[in-house]
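Bear in mind the structure is a predicted one, so any value in this text is a computation, not a measurement. Chain identifiers are assigned alphabetically (A, B, ...) following the order of the sequence lines, protein sequences preceding nucleic acid strands; residue numbering begins at 1 within each chain. Just so it is clear, the values below take in all heavy atoms, side chains as well, and ignore hydrogens, waters and symmetry mates.
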Amino acid sequence: MSFRQRSPHGSTRSSPQHPPRWAQARKRGADGKRRRQDEPESSAFEENKPGPEDSRLDSFTTPEGPGPRSRCLDWGTAVEEDEMRTNVHKEIARHRRKLLINEFSRERKSSSGSSDSKESTVTVELETDEVVLMRRQKQINYGKNTIAYDRYIKEVPRCHRIPGVHPRTPNKFKKYSRRSWDQQIKLWKVALHSWDPPTEGGCDLQEICPVDLGEMETESVGSNSTESQTSCQDNDDTCSGTPTKVRHVDYQAEGEFDLEVCLSEPLKEFDTVS
Amino acid sequence: MGETGKEEYKIQSFDSETQKLLKTALKDPSNVDLEKVANIIVDQSLKDSVFSKEAGRICYTIIQAESKQVGQSIFRRSLLNRLQQEYKEREELRTRSLQAWICYVTFICNIFDYLRVNNMPMMALVNPVYDCLFRLAQPDSLQKEEEVDCLVLQLHRIGEQLEKMNSQRMDELFSLLRDGFLLQEGLSSLSQLLLLEIIEFRAADWKMTDAAQKYYYSEVTD
């Protein structure tokens, strides 16, 4: 789902701003239509003359509304974004509550004479930028909207998760650089592939491969899985599985350590991990 | 779903094959072409005024079912986009068939009433709904009793919510209604009555006062 989905029918509402200089070099106008080469001065409000009923600038901003909406004209997408936005706000509130409650109970414990020299809970700065949070949430949704994730959460309840072994959804409320966040998402999604449904005729993969999720170098692998996964999501609304990797042939033939294959093996008996 | 189900969702007017499809959509949405279902529902709501008044309910249930079963919103998206398509061509719709236009307005208001997003009405529908009501308040529409009746009915059902979302447009709408009541030529006495009642209703903060109840409704025969 694109954040700036264009409707094939409608005209955009124009804004009474002077077009930025870079707009003239753009391939497409604000309505998504390709601009002709001989339209150097073309700008958003020249291309689209609002009709009599469309004299409002931005249909989705109301005086009492919570704020400006993206100028997305597709009702389906507009509502989905609304939903994501309100969900994000609910989650921010919940997250803040959680932190406060943790702080509160820790203070209670320390006052009863806990000997741990825990660092005092400094108020950490949270990520509150709506745009960032929504982008991150979308990325998380892509990962969670997979058969692998479904199988994972059925197999390993949250209380049984072992940190470092079981993938953990990145926390969208923490401050991270864009690069750092994108990398965390990649690693997380790669790790989830361990729970892909078995391919037909696949070998019985009982072997455990202890992997330190924090340090693996998965640049190429990550991008493959992310791309194929997102393209799967984008192209087919009903597609909810991740592509399963071809696994056992190369592994057995070469007899050397193949990271990609290793990651695709489900971690079944984790108690044999050294 | 037995007779009560049919009654509840008002799907008696569909043929039996379609009824089966709808029932499956309600129970097992992932096994149904939800875009097709959305189109069937919109098509019917433009033809069947009884259905258009209550179709929001079946839509709500399908959306919940889909969300629960597969965590997606294909049906909602298809429904809204089809609604948007019809909205864009509403003037032509009205020219083609007054009944269908009235059904459309009833339907979109019902959807606005029923479908919420995290307990809030859908922001994306606020202005389109207002646009439809403004159209109904135009002089040519005020001369048609069925359109006045539709306008007043929708304001009774969703006026209060709509005003919360944008009170300025509600003020403007009622300006038109007052003007219509006072100045419009060719207004039938029934239309005048309907307009007066809704003006009073809003003035009483969208509530029925005893006096109004007595005046407008106590003479109605059962």
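- In this structure, no portion of B:L79 lies under 4.5 Å from any heavy atom of chain A.
- Residue A:K175 places its NZ atom among more than 12 non-hydrogen atoms of other residues, nucleotides or ligands, all under 6.0 Å distant.
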Report task. Let me see the working for B:N118 and A:H89 under side-chain contact (heavy atoms from CB on, under 4.5 Å), right down to the final yes or no. Result -> CA-CA 11 Å; B:N118 281 323; A:H89 284 296; over 6 Å; no
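- Between B:R77 and A:D74, the closest side-chain pair of non-hydrogen atoms falls below 4.5 Å.
- Considering every non-hydrogen atom in both B:N81 and A:W75, the closest pair reads OD1-N, 3.7 Å.
- Within a 6.0 Å sphere centred on CD of B:E35, heavy atoms belonging to other residues, nucleotides or ligands number 12 at most.
- At a 4.5 Å heavy-atom cutoff, A:D150 makes no contact with chain B through either its backbone or its side chain.
- B:V117 approaches A:D82 most closely through the heavy-atom pair CG1-C, 4.1 Å.
- A 6.0 Å sphere centred on OH of B:Y60 holds no more than 12 heavy atoms belonging to other residues, nucleotides or ligands.
- In this structure, A:E83 and B:R76 have side chains that are in contact, with non-hydrogen atoms separated by less than 4.5 Å.
- Considering every non-hydrogen atom in both A:N145 and B:V70, the closest pair reads OD1-O, 4.3 Å.
- Around atom CZ of A:R94, no more than 12 heavy atoms belonging to other residues, nucleotides or ligands sit under 6.0 Å away.
- Chosen from A:N87, A:V79, A:T86, the residue pairing most often with chain B at heavy-atom distances under 4.5 Å is A:V79.
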